Protein chains: 2
Amino acid sequence: MHAQDVPVPPLPEAEISRLREIFGRDLILNDIKRLTPYGRDQVAGTALHTTPTAVVLPTTPEQVSQLMQWANRSGIPVTPRGGGSGLAGAAIPAPGGIVCSFERMNRILEIDPINMMAVVEPGVITSALDTALAPEGLFFAGYPMSEDICFIGGNVAENAGGGRAVKYGTTGTWVTGAHVVTPTGDILRLGGKRIKDVTGYDLLHLMIGSEGTLGLFTQITIRVIPRPAVRGVLLLAFPGSEEAAGAVAALKRSPALSAIEYIDGETARMASAALPKKRRITIPEEAGAFLLVEFDGAGKTDVERELTGAAELAAQRGAAPPVAGGTDPAEMDRAWALRKAVPWWVKRTAPGYHSVEDVVVPPGEVPTLVAHAEYLRREFGVPVAVFGHAGDGNFHINPMKPPAMSPDEWWPLIDRLQRDLYQRVIELGGTISGEHGIGRKRARYLSLALSPAELAAMRAVKNALDPGNVLNPGVIFER
Amino acid sequence: MHAQDVPVPPLPEAEISRLREIFGRDLILNDIKRLTPYGRDQVAGTALHTTPTAVVLPTTPEQVSQLMQWANRSGIPVTPRGGGSGLAGAAIPAPGGIVCSFERMNRILEIDPINMMAVVEPGVITSALDTALAPEGLFFAGYPMSEDICFIGGNVAENAGGGRAVKYGTTGTWVTGAHVVTPTGDILRLGGKRIKDVTGYDLLHLMIGSEGTLGLFTQITIRVIPRPAVRGVLLLAFPGSEEAAGAVAALKRSPALSAIEYIDGETARMASAALPKKRRITIPEEAGAFLLVEFDGAGKTDVERELTGAAELAAQRGAAPPVAGGTDPAEMDRAWALRKAVPWWVKRTAPGYHSVEDVVVPPGEVPTLVAHAEYLRREFGVPVAVFGHAGDGNFHINPMKPPAMSPDEWWPLIDRLQRDLYQRVIELGGTISGEHGIGRKRARYLSLALSPAELAAMRAVKNALDPGNVLNPGVIFER
């Protein structure tokens with residue numbers, strides 16, 4: 001059954017009046033065309049889609065605080081929303097619920113080069129922060145790959161990863177402070193422009209990655225670092241997935257390594273062919289798998305030495321001479337363009353009928369995981385695109401519906417495939433999501449990854465901070 | 001009143017029998033000489049000291065689980081204990097309580113060079129892990145300065161910092177997994193050998209730094225990284241504190257910087273004089289403040305270029321040519337020996353009557369903080385040794401009782417001095433503890449740093465996980 005089929009009672013008139021008092025005209029109601037986009041994110045398929053009964057567009061933390069007081073009185077659930085680029089349905093509202101979209105809280109409040117900190121509202125687009133930092137020679141190391149569309153608030157709520165997490169960690173690594181509205185409407189000012197803080201519990205990092213179920217971020221303080229002076233990239237073609245995956249551990253031994261991305265051969269060929277002609281890379285027919293490696297550092301000599309070392313190491317494992325790369329910015333962009341094209345290619349190839357999986361295993365288990373993806377292809381008889389952050393052991397394994405298969409056959413197959421994949425990564429010491437989150441998409445599978453005691457402890461924390469269960473219910477936990 | 005003056009009822013006979021069933025002979029009872037050391041840590045003064053009614057020495061997580069079930073039935077509080085090197089009284093038991101010492105759970109369970117992970121029991125001494133990692137070319141970047149005496153379990157419980165946190169972060173940065181016994185006796189297996197994990201709430205990092213009030217660590221998985229090939233150190237003498245503190249922000253611009261430690265001139269001279277003759281450094285009489293800077297990297301040329309750059313930058317701010325340093329290991333040890341001598345010198349200079357403060361400010365406020373330490377000296381008329389992790393804005397400000405002052409005068413003075421200092425750092429956007437924790441020592445000051453809403457949220461989390469308030473009560477929160 002689709003969430004949108006659940007009959008939803010309209011908001012009572014008295015509750016609407018109160019929302020109008022708080023938000024004035026920054027309230028969307030009864031306008032199905034405007035409401036609809038707030039009922040979905042980047043998850044494929046309509047199973048999770050719904051339509052919010054209202055959308056509010058706060059511009060101040062006080063409005064958000066009043067909203068949560070309203071929610072606790074009325075019992076109507078609230079779902080916070082960033083750029084809508086999520087891949088697990090965490091920004092999709094509960095049936096009958098309303099959406100709190102942070103799109104109007106989008107100011108960069110401060111770039112502070114002395115403290116090497118930036119203070120932003122949650123609705124800032126991630127790449128806009130990078131643009132503002134560049135003239136100061138600074139950068140935000142924790143950004144995800146969707147940096148041109150995602151909001152920083154969403155990155156923080158999901159603890160998003162990204163292409164350079166192998167060196168720089170995920171979003172949460174760089175957040176030193178935040179203003180957070182609790183589910184009951186208190187405004188907490190957690191952390192600040194300080195690098196260390198052990199004053200009481202680390203509520204900040206409890207909130208980060210809680211997928212909008214424990215608090216709403218209204219201001220975020222981000223630690224930034226000197227922009228690396230030099231970068232270098234290589235795109236390496238290996239005979240097969242085994243050779244590529246097997247090279248990861250050795251390549252990771254360099255502390256200068258800032259990215260190591262895997263793409264399976266077939267997917268790379270298809271994604272490259274879908275690129276505009278001038279950005280296309282000639283992909284050797286015989287290549288079974290690719291690694292994109294990036295190094296950064298203070299000096300060009302050092303980075304070039306790393307590139308040479310990586311190419312030699314790859315050659316020892318049967319790789320062809322590098323397909324693309326170097327330290328030239330255009331050439332680096334060309335190599336990254338291929339990697340960035342992959343998720344878009346998956347989306348276009350099986351629109352509405354694919355699943356972006358986000359499993360993670362100990363880095364040493366990458367070869368086993370890649371082999372398991374090939375098993376999934378055979379066992380389930382569907383195409384499976386494999387790419388991801390090999391240095392983190394975090395892989396996006398993307399089953400896609402063949403055109404001839406019916407949707408009724410597809411959805412149960414995906415459920416079985418997910419269970420098979422999740423079971424395997426858990427056996428390998430991994431878990432079911434590395435950077436996209438549990439959201440609504442994986443809530444039903446959470447008990448595969450966590451013990452009853454672990455789930456009970458998480459629910460106890462949720463209940464302690466959100467006794468009315470009005471903040472994003474149905475996300476992470478089924479209800 | 002001293003905690004030890006509170007009349008404490010002895011353990012009921014039935015409760016002792018049950019402890020004997022769980023721990024057999026690994027139970028210390030009625031032996032005041034053996035019990036006494038478990039009632040103190042490295043906090044100066046006897047005000048917080050007490051004597052536990054019993055000490056248990058678990059060797060398995062199951063025993064720890066049974067212990068917490070016992071505590072919930074009996075209502076008798078339990079305090080976990082690592083190496084006893086804490087500086088805030090977090091390992092000091094509640095009156096009438098018992099201590100759970102992890103000294104017998106001290107095995108390094110695994111060094112895993114493929115995954116670049118180590119798995120340890122909580123009682124492993126931190127430097128022992130480093131010794132075990134060195135042959136693999138790996139190191140644990142999150143260690144504190146007390147690495148030769150502290151237990152990893154304690155480091156994790158306190159989220160301890162250290163001399164290289166400016167580059168590598170604190171202990172918690174490197175912990176990817178842990179087995180934790182909850183206050184009610186459940187065994188949680190959080191995280192694992194994986195670099196990314198957004199599967200449910202980040203209970204792992206909620207536990208880290210919770211000072212033994214939310215859980216007891218029985219196994220810890222630590223991410224390790226390639227050992228930097230080259231290090232280089234400089235000890236720089238500046239005319240005054242202003243010049244030294246003012247140089248910090250500029251020196252921090254190098255991504256190779258791995259440490260930047262501050263020592264005030266008088267303290268450096270006294271600490272050096274207290275060193276064995278052959279380790280002593282000749283300290284220029286006119287130097288008002290010192291910075292010890294360290295860089296690390298892959299190549300000797302790069303590190304030497306950084307040292308030259310740092311010396312030039314310091315000279316522009318009036319520094320003398322470097323007092324000690326270079327890339328020679330013996331010379332680097334000599335420079336670090338001075339920094340490491342300082343806390344010991346403070347301890348010996350005013351035994352029982354000093355306070356190791358641990359305030360933290362935004363890095364850009366370091367000059368203001370250092371100036372405030374000078375104000376404290378004048379205002380309160382006591383010597384104040386100032387040293388700390390300047391790159392993190394984390395300073396140890398150490399007031400010491402002059403020999404002529406009576407203890408009765410000293411303790412109220414310290415309370416006033418702490419309030420003055422804490423108020424100032426909070427005004428500067430800082431907080432009252434950066435790496436030592438709140439413990440028992442600062443519980444009464446917590447409400448200076450946190451709002452009622454922030455305290456209520458922390459207490460709600462504590463109450464959700466420890467409804468009987470039997471795990472380390474009196475630490476962080478007054479009761």
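Every chain is numbered from 1 and lettered A, B, ... according to where its sequence line falls, protein lines coming before strand lines. The figures here come from the full heavy-atom set of this structure, side chains too, leaving out hydrogens, waters and symmetry mates. Here the structure is a predicted model, which is why all the values come from computation and not from measurement.
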Option in A:Gly200, A:Ala449, A:Gly192 with maximal non-hydrogen atom pairs under 4.5 Å from chain B: A:Gly200
Is A:Asp202 close to B:Leu206 at the side-chain level, that is, under 4.5 Å between some pair of heavy atoms? no
Return the option, out of A:Pro255, A:Gly430, A:Gly299, A:Gly209, with the maximum number of heavy-atom pairs under 4.5 Å with chain B. A:Gly430
Chain A contact via B:Leu465 - which portion, at a heavy-atom distance below 4.5 Å: side chain
With no hydrogens and no angle check, is any side-chain donor or acceptor of B:Thr199 less than 3.5 Å from a backbone partner on A:Thr431? no
With chain B, which of A:Gly391, A:Gly429, A:Pro363 has the greatest number of heavy-atom pairs at distances under 4.5 Å? A:Pro363
Does anything in residues 165-178 of chain B reach chain A? List residues with heavy atoms under 4.5 Å apart, or say none. B:Ala165, B:Val166, B:Thr170
Ignoring hydrogens, what is the shortest heavy-atom contact between B:Ala457 and A:Leu188? Give both atom names and the distance. CB-CD1, 4.2 Å
Indicate the atoms forming the closest heavy-atom contact of B:Ala464 with A:Ala460, along with that distance. CB-O, 3.5 Å
Can you say whether A:Pro228 sits under 4.5 Å from chain B via the side chain, the backbone, both, or neither, judging by heavy atoms? neither
Region of A:Met116 in contact with chain B, defined by heavy-atom distances below 4.5 Å: side chain
Using the rule given for side chain to side chain contact (heavy atoms under 4.5 Å, CB included), can you reason through B:Leu203 versus A:Met458, listing the C-alpha separation, both sets of side-chain angles and the distance that settles it, and then say yes or no? CA-CA 7 Å; B:Leu203 294 187; A:Met458 289 183 191; 3.7 Å; yes
If I measure from the heavy atoms of chain A, does B:Asp302 come under 4.5 Å with its side chain, its backbone, both, or neither? side chain
Can you tell me how far the OH atom of A:Tyr201 sits from the CG atom of B:Leu455, to the nearest 0.5 Å? 11.0 Å
Applying a strict 4.5 Å limit to non-hydrogen atoms, the region of A:Asn394 in contact with chain B is side chain
Is chain B contacted by the side chain of A:Arg223, its backbone, both, or neither, given a heavy-atom distance below 4.5 Å? side chain
With heavy-atom distances below 4.5 Å as the criterion, would you say the side chains of B:Lys196 and A:His389 are in contact? yes
Short question: side chain of A:Glu454, backbone of B:Arg189 - any donor-acceptor pair under 3.5 Å? yes
Looking only at heavy atoms and a cut-off of under 4.5 Å, which of A:Asp186, A:Ile114, A:Asp197, A:Val360 has the most pairs with chain B? A:Asp197
Main chain of A:Gly393, side chain of B:Arg194: is a donor-acceptor contact present, judged purely on distance under 3.5 Å? no
Under 4.5 Å to a heavy atom of chain B? For A:Ile225 that would be neither
Exam field: side chain A:Asp392 to backbone B:Ile195, donor-acceptor pair closer than 3.5 Å: no
Is any side-chain heavy atom of A:Leu138 closer than 4.5 Å to one of B:Arg253? yes
Contact leader toward chain B among A:Leu190, A:Ile187, A:Thr213, A:Thr182, where contacts are heavy-atom pairs under 4.5 Å: A:Thr213
Identify which of B:Asp358, B:Thr301, B:Leu214, B:Ile476 forms the greatest number of heavy-atom pairs closer than 4.5 Å to chain A. B:Leu214
Under a 4.5 Å heavy-atom cut-off, does chain B meet the side chain of A:Glu211, its backbone, both or neither? side chain
